[in-house]
Amino acid sequence: MKKTHVSTTVNGDDVDFLCEPTQTLLDVLRDELQMTGTKEGCATGDCGACSVTLDGTLVCSCLVLGLEAAGKKIETIEGMANGDELHPLQRKFIEHVALQCGICTPGLLVAARSLLEVNPDPTEDEVRLWLAGNLCRCTGYHNVVEAVMDAALEMRGA
Amino acid sequence: MGEAMYELRYEEPATLDAAIGLITAEAGDVRILSGGTDVLVQMHCDMIEPALLVNIKNIGEMRSIEKDRGGYRIGAAVTGMELVNHPDFGNDWPGILDGVRLIGSIQVKGRATVAGNLCNASPAADSVPPLMTAGAIAHVVGPNGARDIPVTAFTTGPGQTALEKGEIVVSFSLPERAPRSGDAYLRFTPRTEMDIAVVGVAINLTLDDGGTCTDALVALGAVAEKALMVDAAGAALVGTKLDDTAMQNLAAAASAACRPIDDKRGTKEYRIKVAGVLARRAAAIAATRAGA
Ligand SMILES: Cc1cc2nc3c(=O)[nH]c(=O)nc-3n(C[C@@H](O)[C@@H](O)[C@H](O)COP(=O)(O)OP(=O)(O)OC[C@H]3O[C@@H](n4cnc5c(N)ncnc54)[C@H](O)[C@@H]3O)c2cc1C
Ligand code: FES
Ligand code: FES
């Protein structure tokens, strides 16, 4: 199938790739750009493991075509830590043991960061509602919600 | 999808004319790609194998939300999250926003459009009943020109719409809100989030200064092959102060209109009963929003 050249920005870096019309942004990130932090759980929008932001909007990268990424700004889990310094959400996930197998974790972190950008002081209900599209088979969500609330508190400087 | 064996062409026209031209020229199956939350899932599951995808998100006039003489004109490519984040839309049409908020997760709403929800024509589509009770009109353009289709006449069956081959929904419009009116949409699902409606009920009603209902429209989702307007349910409220008897008549009329299927989410009897219960609750919320 015909491949098209696409230029985009991933975590602030200019990136070029070749892409078939059937490839999703998730396929491109993992298979063409070797950025495997973004996970595939279902490929049908149900699990949220593939969450990234596209021009600042939280989306499932399995429901975006690679060709649609042209000229956009994409943020993935790989851009979350600042070098060796973990993002507060990442530290709090470790502190609160908010992960077990870890397959859902990149998606949860990207989704949680996107929540705190629009709502730095969410209630527990708001956290649960925002993260409803991120499925986790291991933790039962309790520690995840705690970690997000705690990170929000720290990030507000309280 | 990466391993698909057939040829797929992808286009992102910048104008509506170019989009219609592309669609008309293609002999094979054409799909409009709006948010892609149905199209890409259906391709992944091999339910559809389009020859051409036409992405409409670069067409300027399809991206805007305009307040139009008190009403709204909403571009077909406007996403659910854009409506959720709009400063006024949720105050003017809270019942439509109830439906939009229920469309999947934050991630899904970041892409999904209301026009796509309508065009996909699922009997359980959550934005459709409140669009029907709002009197929304879809503005359509195709190879033979432009026309308007009321949302009440848009869906003709599961996956079936009144669109002719090559026609695109460009936008839909909502009328100006009457004073002391309000709408609400409620659905019942086995899970609290991320599930498909077993029953959905939308109500849009208007009260006079004394609190008597002067107008009421009721629509049901997921209880028939398409969303239904239930005139008898609206009529049960008009002329009343939404007292117990009126609410019982509303519930009975809503239940009587159901012709649901049995499936793993709910039996026929259950859906019929729940439709009445939800209708009463939705009417109470709509009345509060109308300022009762
Ligand atoms: C995980 C998940 C959960 C979901 N949960 C719900 C839910 O709870 N309730 C609910 O109602 N829906 C739900 N949905 C479905 C919902 O996301 C879609 O129906 C959505 O609204 C469709 O809009 P879209 O822009 O993504 O359309 P697309 O997928 O781009 O298109 C849908 C269909 O409409 C056609 N189309 C789109 N735009 C136009 C246009 N302007 N003119 C003509 N034809 C057009 C397309 O060709 C296609 O056939 C869910 C989806 C997912 C993936
Ligand atoms: S892989 Fe995208 S939502 Fe599951
Ligand atoms: S930690 Fe295993 S799925 Fe979430």
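The shortest distance between side-chain heavy atoms of B:Phe89 and B:Ile74 falls below 4.5 Å. No side-chain heavy atom of B:Leu186 sits less than 4.5 Å from a side-chain heavy atom of B:Ile203. By the 4.5 Å heavy-atom criterion applied to side chains, A:Val15 and A:Val10 are counted as neighbours. Annotation: side chain of B:Lys109 is not in contact with side chain of B:Leu83 (no heavy-atom distance under 4.5 Å). Residues B:Arg31 and B:Val54 form no side-chain contact, since every pair of their non-hydrogen atoms from C-beta on lies 4.5 Å or further apart. Residues A:Thr4 and A:Leu18 are not in side-chain contact: their nearest non-hydrogen atoms beyond the backbone lie 4.5 Å or more apart.
Between the side chain of A:Asn134 and the main chain of A:Gly107, a donor-acceptor pair closer than 3.5 Å is present. Side-chain atoms of B:Thr155 do not come within 3.5 Å of backbone N or O of B:Thr161 as any donor-acceptor pair. In this structure, the side chain of B:Arg73 does not engage the main chain of B:Phe172 through any donor-acceptor pair within 3.5 Å.
For residues 9-17 of chain B, heavy-atom neighbours of chain A at less than 4.5 Å comprise B:Tyr10, B:Glu12, sorted by residue number. Residues of residues 71-100 of chain A lying within less than 4.5 angstrom of chain B, judged on heavy atoms, are absent. Using a 4.5 Å cut-off between non-hydrogen atoms, the part of residues 110-117 of chain A that approaches chain B consists of A:Ala111.
Remark: B:Phe154 CZ to B:Lys226 NZ distance equals 12.5 Å, nearest 0.5 Å. B:Asn55 CG to B:Leu53 CG: the interatomic distance, rounded to the nearest 0.5 Å, is 8.5 Å.
Options A:Leu54, A:Val59, A:Thr57 differ in how many heavy-atom pairs under 4.5 Å they form with chain B, and the most are formed by A:Val59. Looking only at heavy-atom pairs under 4.5 Å with chain A, the residue among B:Lys57, B:Gln42, B:Met81, B:Arg111 that has the most is B:Arg111.
Heavy atoms closer than 4.5 Å to chain B are found in both the backbone and the side chain of A:Thr44. Within the 4.5 angstrom heavy-atom criterion, no atom of A:Val118 approaches chain B.
A salt bridge links B:Asp92 with B:Lys67; the closest basic N to acidic carboxylate O contact falls under 4.0 Å.
With no hydrogens or angles considered, a side-chain donor-acceptor pair links A:His142 and A:Glu146 at under 3.5 Å. No side-chain donor-acceptor contact under 3.5 Å links A:Asp31 and A:Gln23.
For B:Glu167, the salt bridge (Lys or Arg N to Asp or Glu O under 4.0 Å) partners at least two apart in sequence or on another chain are B:Arg147.
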